[in-house]
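Since the structure comes first, as structure tokens, the remarks are kept for the end.
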Amino acid sequence: MNIKVGIIGATGHTGEELIGILLGHPYVSICGLYNTGKDPQVISQVFPKFKGRLDRVCKKADFKEIADKCDLIFLALPHTVSMDFTPKLLKINKKIIDLSADYRIKNTRVFEKFYGKKHKDNLGLRKAVYGLPEIYRNKIKHAKLVANPGCYPTAAILALAPLVSLGLVDNSSIIIDAKSGVSGAGKKLTKEFLFSEVAGNFSAYKVNTHQHMPEIELYLSRLASSKVKIKFVPHLLPINRGIIETIYVNKSHAAKGKNILGIFKSFYKNEPFIRIKEEGKFPKVSDVYETNYCDIGIKDCGDSVIIIAAIDNLSKGASGQAVQNMNIMYKIPETTGLL
């Protein structure tokens, strides 16, 4: 099998991560690198580590070339930009994995509230499958358009899915204390992400207003078959990459006498990228650095549960998960090309 892929938005953090993973994938050929209309750039000049491995020119998206050369397109674009490209790609019958938020939230009013731009592709929204493999694998297999999850939602949903889906928590009690490395903000040049601002510092931001909140609530509500509301506080860590989330929930009456750790182990027993820590052990960011794993530790506190989840925001939180979804779509072993 030879999957011919293109990447639109190849010069960003997630584009770089995708290229690195795909160059080591035995069933993939990178057939096109594209940007949003900037001057052409040789990708090995943008990222010198690819010199001699990939010296292709990254240029303005050419849909005729994509139609002729590519089977699947990764959209590694900023939020609100992917919807400019997706309808054209679907029209030429390409499979798409979108790493932005454009197709994750089904309610366009909610999308507009949190992302500040009117959604203009309702057809794509209806077709899109949420790309969290551990929950939606069977739908991903047949998808033409996959909405790759956000980094914070990946960790949060995976950490809560076993309890929420079984009705074992009070759905109004969920508090998510989340921390991410700076690469989660992309490459935009703003003061708060400068080295001099981040180094030796630690701060909360977008307190209970972060754009990932409605995504987390939507997919937890689907798992619970009832409305889930969260309190969500993200923080900026003075590190390049990695996410750790500490989540506090109150148990429901149905959780009385349940072996919470056992429930997690059973729920994820066949999942190659989920690792449940033994009792009294908890994950660190360094445990998952540059891997596609989500590590989860659980503390049963009697009436409540503390769950700690760690992922790499650029891998399981973005590009690694996108490749995992590609593997599922092409029915090859899910772990292929991934650490």
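Enclosure of atom CG in Asp39 is not indicated, since only 12 or fewer non-hydrogen atoms of other residues, nucleotides or ligands lie within 6.0 angstrom. Within a 6.0 Å sphere centred on NZ of Lys299, other residues, nucleotides and ligands contribute 12 heavy atoms or fewer. The 12-atom threshold is exceeded at NZ of Lys331, counting heavy atoms of other residues, nucleotides or ligands nearer than 6.0 Å.
Thr154 contributes a side-chain N or O that, together with a main-chain N or O of Gly150, makes up a donor-acceptor pair within less than 3.5 Å. Although no hydrogens or angles enter the test, the distance criterion places a donor-acceptor pair under 3.5 Å between the side chain of Thr291 and the main chain of Val288. Checking side-chain atoms of Lys94 against main-chain N and O of Cys70 turns up a donor-acceptor pair under 3.5 Å. Here the side chain of His119 pairs a donor or acceptor atom with the backbone of Asp102 at under 3.5 angstrom. Ser44 places no side-chain N or O within 3.5 Å of a backbone atom of Phe50 that could act as its donor or acceptor partner. Proximity of a side-chain donor or acceptor of Asn313 to a complementary backbone N or O of Arg241 within less than 3.5 Å is not detected. No side-chain donor-acceptor contact under 3.5 Å links Asp177 to the backbone of Thr246. Distance alone, capped at 3.5 Å, places no donor-acceptor pair between the His25 side chain and the Gly337 backbone. A donor-acceptor pair is defined here as one N or O able to donate and one able to accept, closer than 3.5 Å; such a pair exists between the side chain of Asn35 and the backbone of Lys60.
One distance of note links CG of Leu236 with OG of Ser203; it measures 5.5 Å at 0.5 Å rounding. Here CD1 of Ile176 is found 6.5 Å from CG of Leu220. Values are rounded to the nearest 0.5 Å. For the atom pair CD1 of Ile19 and OG1 of Thr14, the computed distance is 10.0 Å after rounding to the nearest 0.5 Å. To the nearest 0.5 Å, the span separating CD1 on Ile306 from CD1 on Ile298 amounts to 11.5 Å. Between the CG atom of Asp68 and the NZ atom of Lys4 there is a distance of 9.5 Å, given to the nearest 0.5 Å. For the atom pair Tyr152 OH and Ile311 CD1, the distance stands at 10.0 Å (nearest 0.5 Å).
Screening Glu215, Lys139, Arg104 against Tyr130 for a side chain to side chain donor-acceptor pair (under 3.5 Å) leaves a single residue, Glu215. Each of Asp170, Asp303, Asp300 was checked for a salt bridge (charged side-chain N to carboxylate O under 4.0 Å, His left out) with Lys251, and the lone residue meeting it is Asp300. No option in Leu314, Val146, Leu132 other than Leu132 meets the side-chain contact (heavy atoms from CB on, under 4.5 Å) test with Gln321.
Checked against side-chain hydrogen bond (donor to acceptor under 3.5 Å, both in side chains), Ser82 has the following partners two or more places apart in sequence or in another chain: Asp98, Ser100. Every side-chain contact (heavy atoms from CB on, under 4.5 Å) that Leu338 has, sequence neighbours left out, goes to Ile21, Phe273, Asn292, Val323, Gln324, Asn327. Residues that satisfy the side-chain contact (heavy atoms from CB on, under 4.5 Å) test with Lys113, not counting sequence neighbours, are absent from this structure. In this structure, Glu217 has no side-chain hydrogen bond (donor to acceptor under 3.5 Å, both in side chains) partners at least two apart in sequence or on a different chain.
Heavy-atom minimum distance, Ala143 versus Met329: O-CE, 3.4 Å. Annotation for Met83 and Lys118: closest pair CE-O, 3.5 Å, computed over non-hydrogen atoms. When every heavy atom of Asn148 is checked against every heavy atom of Ala318, the shortest pair comes out as ND2-O, 2.8 Å. The minimum heavy-atom distance linking Phe114 with Thr209 is given by the pair CE2-O, 3.7 Å. Considering every non-hydrogen atom in both Cys151 and Ile243, the closest pair reads CB-CD1, 3.5 Å. Nearest heavy atom pair, residue Val42 against residue Asp55, reads CG1-O, 3.5 Å.
For the salt bridge (Lys or Arg N to Asp or Glu O under 4.0 Å) condition, the pairs that include at least one residue of residues 255-265, sequence neighbours left out, are Lys265-Glu278.
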Q. Do Tyr115 and Gln211 pass the side chain to side chain contact (heavy atoms under 4.5 Å, CB included) test, and can you show the C-alpha distance, the side-chain angles, and the key distance before you say yes or no?
A. CA-CA 7 Å; Tyr115 289 92; Gln211 65 270 18; 3.3 Å; yes
Q: Take Glu334 and Ile328 through the side chain to side chain contact (heavy atoms under 4.5 Å, CB included) test and state the conclusion after the steps.
A: CA-CA 6 Å; Glu334 202 162 316; Ile328 294 169; 3.7 Å; yes
Q.
Let's go through Lys281 and Asp287 carefully: what are the C-alpha distance in whole Å and the side-chain angles of both, what is the deciding distance for salt bridge (charged side-chain N to carboxylate O under 4.0 Å, His left out) to 0.1 Å, and is it a yes or a no?
A. CA-CA 12 Å; Lys281 303 292 184 182; Asp287 296 341; over 6 Å; no
Q.
Let's go through Glu290 and Leu339 carefully: what are the C-alpha distance in whole Å and the side-chain angles of both, what is the deciding distance for side chain to side chain contact (heavy atoms under 4.5 Å, CB included) to 0.1 Å, and is it a yes or a no?
A. CA-CA 8 Å; Glu290 293 186 340; Leu339 296 175; 5.6 Å; no
Q | Full working for side chain to side chain contact (heavy atoms under 4.5 Å, CB included) between Ile8 and Ile66 | A | CA-CA 10 Å; Ile8 302 178; Ile66 290 169; 4.2 Å; yes
(Q) Applying ring-ring contact (aromatic ring centres under 6.0 Å, His included) to His212 and Phe232, what does each step give before you reach the verdict? (A) CA-CA 9 Å; His212 283 172; Phe232 181 74; 7.5 Å; no
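Asn208 is listed as a side-chain neighbour of Met213, based on a closest heavy-atom distance under 4.5 Å. With contacts defined as side-chain heavy-atom distances shorter than 4.5 Å, the pair Phe264/Ile296 qualifies. Side chains of Val169 and Ser252 form no contact here, defined as non-hydrogen atoms less than 4.5 Å apart. The closest side-chain heavy-atom distance from Phe63 to Lys91 is not below 4.5 Å. The closest side-chain heavy-atom distance from Lys179 to Phe202 is below 4.5 Å. Two residues are said to be in side-chain contact when any heavy atoms from C-beta on lie closer than 4.5 Å; Glu16 and Lys49 meet this criterion. Between Pro283 and Tyr293 there is no side-chain heavy-atom pair separated by less than 4.5 Å. Under the 4.5 Å side-chain criterion, counting only non-hydrogen atoms from C-beta, Tyr103 is in contact with Asp121.
Ion pair Lys120/Asp84 flagged as a salt bridge, since at least one NZ, NE, NH1 or NH2 atom sits closer than 4.0 Å to an Asp/Glu carboxylate oxygen.
In terms of hydrophobic clustering, with Ile, Leu, Val, Met, Phe, Trp and Tyr side chains grouped at heavy-atom distances under 4.5 Å, Val129 and Leu145 are assigned to different clusters. Under the 4.5 Å side-chain heavy-atom criterion for grouping Ile, Leu, Val, Met, Phe, Trp and Tyr, Leu218 is connected to Val228 within one hydrophobic cluster.
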Tabulate below the donor-acceptor pairs under 3.5 Å that side-chain atoms of residues 158-165 make, not counting sequence neighbours, or state none.
from   : atom 1 : to     : atom 2 : distance (Å)
Ser165 : OG     : Ala161 : O      : 2.7
Ser165 : OG     : Pro162 : O      : 3.4

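A cation-pi geometry, defined here as NZ or CZ lying under 6.0 Å from the six-membered ring centre and within 45° of its normal, holds between Lys95 and Tyr330.
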